[in-house]
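First up is the structure itself, then whatever we jot down about it.
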Amino acid sequence: KTRQVFIIEEYITGQEFSVELFIQNKEIKFASVTEKLSTPLPYFVEVGHIVPTSVHMDQTQALVSASLRGVLALGFSNGPVHVEIRLSPKGPRIMETNGRVAGDSIATDLLINAWGVNLFHVMMNHLLGLPCDASPKKHQASAIVFLTAKKEGVVTAIDGLDTLRQQPHVVKHHVSVKIGDRVRPAQENAD
């Protein structure tokens, strides 16, 4: 049975980002701003991430500062934090806060490829009382793109994987559909 309960939230315009933090004793040991690419209204399905952000770079510190103030206000003082935030015309506005590392390959791939920082290792060292080195080991960029269907239909072919495998800057790829699957334009992350 479907519940007839709704949450109504204010719509906030502006570029969406996520801020990945590792804090120890309420101090930032690592911070990175991820640029998010999303489908247009009404679904906002995330279709890509870029680390570090390539847009609004002059606002990076404001995004990190707002994220830190938000997580400290919620009582976080140690560990990884993933903050989803928009840069509205009135400044940074936090959308969601999570006491964990980021998903969608941000923590598992993009932070490692761009900064050389594995937040899982940093978190385990912290939990074990070992030294936590969260300082960037490199300064590069990394991105992920999720390809989605342009229209509703059935997958009839999957081409280009051999060419993709030959690209020197493609770190990894994954195909989550097979011939015969029904697809539609992205309305949720599973699409």
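Just so you know, these numbers come straight off a predicted model, no measurement behind them.
- Q61 and S65 share a donor-acceptor pair across their side chains, judged by distance under 3.5 Å alone.
- Residue L72 is grouped with residue I28 when hydrophobic side chains (ILVMFWY) are merged at heavy-atom distances under 4.5 angstrom, including chains of intermediate members.
- Contact of the P80 side chain with the F30 side chain is not registered, since no non-hydrogen atoms from C-beta on lie closer than 4.5 Å.
- Here D159 contributes atom CG and L164 contributes atom CG; the two are 12.5 Å apart, rounded to the nearest 0.5 Å.
- Counting only residues at least two apart or in different chains, side-chain hydrogen bond (donor to acceptor under 3.5 Å, both in side chains) contacts with residues 145-158 are absent.
- Side-chain contact between F120 and T108 is present, with heavy atoms from C-beta onward closer than 4.5 Å.
- Under the side chain to side chain contact (heavy atoms under 4.5 Å, CB included) criterion, E10 pairs with I12, not counting sequence neighbours.
- In plain terms, the two heavy atoms of T13 and P89 that are nearest each other are OG1-CD, 3.5 Å.
- In this structure, CD in E35 is found 10.5 Å from OG in S18, a value given to the nearest 0.5 Å.
- No path of Ile, Leu, Val, Met, Phe, Trp and Tyr side chains, each step under 4.5 Å between heavy atoms, connects L21 with V101, placing them in separate hydrophobic clusters.
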Audit row: V55, M57, side-chain contact (heavy atoms from CB on, under 4.5 Å) steps and yes/no: CA-CA 5 Å; V55 297; M57 292 182 297; over 6 Å; no

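- Residues satisfying the side chain to side chain donor-acceptor pair (under 3.5 Å) criterion with K138, sequence neighbours excluded, are absent altogether.
- Counting heavy atoms from C-beta on, the side chains of L111 and E20 come closer than 4.5 Å.
- More than 12 non-hydrogen atoms from other residues, nucleotides or ligands lie less than 6.0 angstrom from NZ of K137.
- T39 contributes a side-chain N or O that, together with a main-chain N or O of V45, makes up a donor-acceptor pair within less than 3.5 Å.
- F76 does not carry R100 over the face of its six-membered ring by the limits of under 6.0 Å from the centre and within 45° of the normal.
- Between V64 and V33, some side-chain heavy-atom pair lies under the 4.5 Å cut-off.
- Side-chain contact between F17 and R86 is absent, with no heavy-atom pair separated by less than 4.5 Å.
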Verdict with supporting geometry, M123 and H121, side-chain contact (heavy atoms from CB on, under 4.5 Å): CA-CA 5 Å; M123 178 178 62; H121 292 168; over 6 Å; no

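- The closest side-chain donor-acceptor pair between Q140 and S142, if any, does not fall under 3.5 angstrom.
- The line from CD1 of I85 to CD of E96 is 12.0 Å long, rounded to the nearest 0.5 Å.
- Transitive grouping of hydrophobic side chains (ILVMFWY, heavy atoms separated by less than 4.5 Å) brings L161 and V177 into a common cluster.
- Of all heavy-atom pairs between V117 and A134, the closest is CG2-O, 3.7 Å.
- Closest approach of D133 to V122, counting heavy atoms only: O-CG2, 3.7 Å.
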Steps toward side-chain contact (heavy atoms from CB on, under 4.5 Å) verdict (T53, T34): CA-CA 5 Å; T53 182; T34 302; over 6 Å; no

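- Here the closest non-hydrogen pair linking E16 and E84 is OE2-OE1, 3.4 Å.
- Interatomic distance, L127 CG to N78 CG, rounded to the nearest 0.5 Å: 9.5 Å.
- A102 approaches A107 most closely through the heavy-atom pair O-CB, 3.4 Å.
- Using a 4.5 Å heavy-atom threshold, the side chains of V154 and V183 count as separate.
- To the nearest 0.5 Å, the span separating CD1 on I23 from NE2 on H126 amounts to 9.0 Å.
- For K29 (side chain) and E27 (main-chain N/O), no donor-acceptor pair under 3.5 Å exists by modelled atom type.
- Of the possible polar contacts, one joining the D191 side chain to the E188 backbone as a donor-acceptor pair under 3.5 Å is found.
- In terms of hydrophobic clustering, with Ile, Leu, Val, Met, Phe, Trp and Tyr side chains grouped at heavy-atom distances under 4.5 Å, L130 and L119 are assigned to different clusters.
- Both L87 and L68 sit in one connected hydrophobic cluster of ILVMFWY residues. Membership requires side-chain heavy atoms under 4.5 Å apart, directly or through other members.
- Note that the CD atom of E46 and the OG atom of S38 stand 5.5 Å from one another [nearest 0.5 Å].
- For the pair D109/I144, no side-chain contact is recorded, criterion being any heavy-atom separation below 4.5 Å from C-beta on.
- Annotation: side chain of V19 is not in contact with side chain of S32 (no heavy-atom distance under 4.5 Å).
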Trace of the side-chain contact (heavy atoms from CB on, under 4.5 Å) decision for Q4 with T2: CA-CA 6 Å; Q4 295 298 312; T2 303; 4.2 Å; yes

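- Closest approach of R165 and D162 over heavy atoms only: NH1-OD1, 3.0 Å.
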